[in-house]
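To start, the structure under review is shown below, and the notes come after it.
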Amino acid sequence: MNLHYDGESQRIEPFEVEMRRRLWWHICILDVRAAESDGSTPYIMESQFDTKLPTNVSDANLNPDMGRAPQPQVGKTEMLFSLIRFEVSYFGRQIIFPDRFCRDNEYHLRSPLEKCTLIDKFRACIEERYLAHCDSRIPFYFITIASTRLILVRFKLTVAKPRPGLAQKDTALPGNFRGICIDVLQHARALRRYEHGKQWLWLFQTYVEWEALACLLLDLCLTLSDAPDRFVWDVVEDIYNHWKQHEEVNRWRRWRNIEELYTQALTMRDSPKSIMPSPVSNDQDTAAPDIESSQHLSRMWELANAAAVTTGVDGPSVPVTGNEAAEMPTSGTACEWSVGLFGQYFEMMDGPLT
């Protein structure tokens, strides 16, 4: 159908040009979503299409017999929600996929820090161009605002999350890394709990917050504290219990990894602190690290790279059981224990869904 070529260059009637653009960009969204779910990269390449974004107009401004292209409107139209999705999805192509994909598409290569900065600038642009015109008291626009902000903070988590082969000095953990995870989970929870928006929630029911939940559980495992953070645990347990009720999600391999991390985090929370392993070093210092400190974040990255070396290509180390974790001494085996956690984490992040 040549949808990947813009209709204007093919001398197609203005109405059909708009319809083809809408269809093409929906295909692009599905391409990006499929790649995210499969842990791969989008199939559509930048060089393969020149189809422009649809015009920001309401349906009343379109007519099959119109002789000229519609004039774009400023602010709120019936196309606003779709246009936001199209622009956010296209932006995601340039941000969340590996450098190889960026090189193949001739996108500018950016460091994680540059990507995080770019996400903030893009969000400010979307807020000004679209979201500022949305009244959050109207259910549809509440969904529009909340879902857009959720996706953009997910992008930041994707950029900042621990991954093998990347040193902490080469990455960016903007502000409080734990706070980014909580932000993702809270936005998702707000969407699911919004009673007036239930008729639109089908669109988000396939978005399982794998990364945010796994990263937060991992950080809870690696952070000692005299008293558990009840707010954080309320968020974790709410999200965990929500997805645990979904049989389809429970059958996925990733969920088994989430359950392992959840079990380990519970063990760390409930075990006597005097016999728990130090999460970040092999010394006798069991003081709770500052989760916003560069030292804590740096040690997370050191353990991530140790896990990558240990697990190799044949799969991650097997994490210890709750009883084994409680019996571990405070020195000598903590690093091995932490590497096992990262192995479980990497399998969840990089492995197939099912």
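This one's a predicted model, so the numbers in the text were calculated from it and none came from an experiment.
Ring-plane geometry between Y90 and Y107 is classed as perpendicular, the angle between the planes exceeding 60 degrees on a 0 to 90 degree scale with a lower cut at 30. Taking the six-membered ring where the residue is Trp, W25 and F49 present perpendicular rings, their angle passing 60° and hence far from 30°.
Partners of T77 under the side-chain hydrogen bond (donor to acceptor under 3.5 Å, both in side chains) rule, at least two apart in sequence or in another chain, are N56. E248 pairs by the side-chain hydrogen bond (donor to acceptor under 3.5 Å, both in side chains) definition with nothing, not counting sequence neighbours. Residues satisfying the side-chain hydrogen bond (donor to acceptor under 3.5 Å, both in side chains) criterion with Q245, sequence neighbours excluded, are absent altogether. Listed by chain and number, the residues in a ring pair (Phe, Tyr, Trp, His ring centres under 6.0 Å) with F15 amount to none (sequence neighbours excluded). Partners of H196 according to the ring pair (Phe, Tyr, Trp, His ring centres under 6.0 Å) rule, which considers only residues two or more places apart in sequence or in another chain, are Y194. Checked against side-chain hydrogen bond (donor to acceptor under 3.5 Å, both in side chains), T55 has the following partners two or more places apart in sequence or in another chain: E18.
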Distance-only donor-acceptor hits, side chain of residues 131-140, under 3.5 Å, sequence neighbours excluded:
{"residue": "D135", "atom": "OD1", "partner": "R137", "partner atom": "N", "Å": "3.0"}
{"residue": "D135", "atom": "OD1", "partner": "R137", "partner atom": "NE", "Å": "3.0"}
{"residue": "D135", "atom": "OD2", "partner": "R137", "partner atom": "NE", "Å": "3.3"}
{"residue": "D135", "atom": "OD2", "partner": "R137", "partner atom": "NH2", "Å": "3.0"}

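The number of heavy-atom neighbours closer than 6.0 Å to CZ of R103, taken from other residues, nucleotides and ligands shown, is above 12. More than 12 heavy atoms of other shown residues, nucleotides or ligands fall within 6.0 angstrom of atom CD in Q73.
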Verify salt bridge (Lys or Arg N to Asp or Glu O under 4.0 Å) between E36 and R33, making sure each step is shown before the conclusion. CA-CA 5 Å; E36 284 186 282; R33 283 292 299 124; 3.5 Å; yes
Between W243 and W252, is the ring pair (Phe, Tyr, Trp, His ring centres under 6.0 Å) condition met? List the steps. CA-CA 11 Å; W243 289 115; W252 293 346; 8.2 Å; no
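Closest heavy-atom contact between T51 and L3: OG1-O, 2.6 Å. Scanning all heavy atoms of the two residues, the minimum distance from R269 to R230 falls at NH1-NH1, 3.5 Å.
Contacts classified as salt bridge (Lys or Arg N to Asp or Glu O under 4.0 Å) and involving residues 58-86 (residues at least two apart or in different chains) are given here: R22-D59. Sorted by first then second residue, the ring pair (Phe, Tyr, Trp, His ring centres under 6.0 Å) pairs that include residues 109-131, not counting sequence neighbours, are F91-F122. Residue pairs satisfying the salt bridge (Lys or Arg N to Asp or Glu O under 4.0 Å) criterion with at least one member in residues 191-205, sequence neighbours excluded, are listed as follows: R192-E209, R193-D238, E195-K198. Within the structure, every pair that satisfies the side chain to side chain donor-acceptor pair (under 3.5 Å) test and touches residues 138-152, not counting sequence neighbours, is listed here: E127-R149.
At least one donor-acceptor pair closer than 3.5 Å links the side chain of D31 to the backbone N or O of I44. Checked by atom type and distance alone, the side chain of D50 pairs as donor or acceptor with a backbone atom of D6 at under 3.5 Å.
Using a 4.5 Å cut-off between side-chain heavy atoms of Ile, Leu, Val, Met, Phe, Trp and Tyr, L30 forms no hydrophobic cluster with any other residue.
Considering N257, L261, T263 as possible partners of L217, the one that fulfils the side chain to side chain contact (heavy atoms under 4.5 Å, CB included) test is L261.
Looking at N2 and R20, their side chains come closer than 4.5 Å, going by heavy atoms from C-beta outward.
At a cut-off of 3.5 Å, with distance as the only test, a side-chain donor of H187 or D183 sits close to an acceptor on the other residue.
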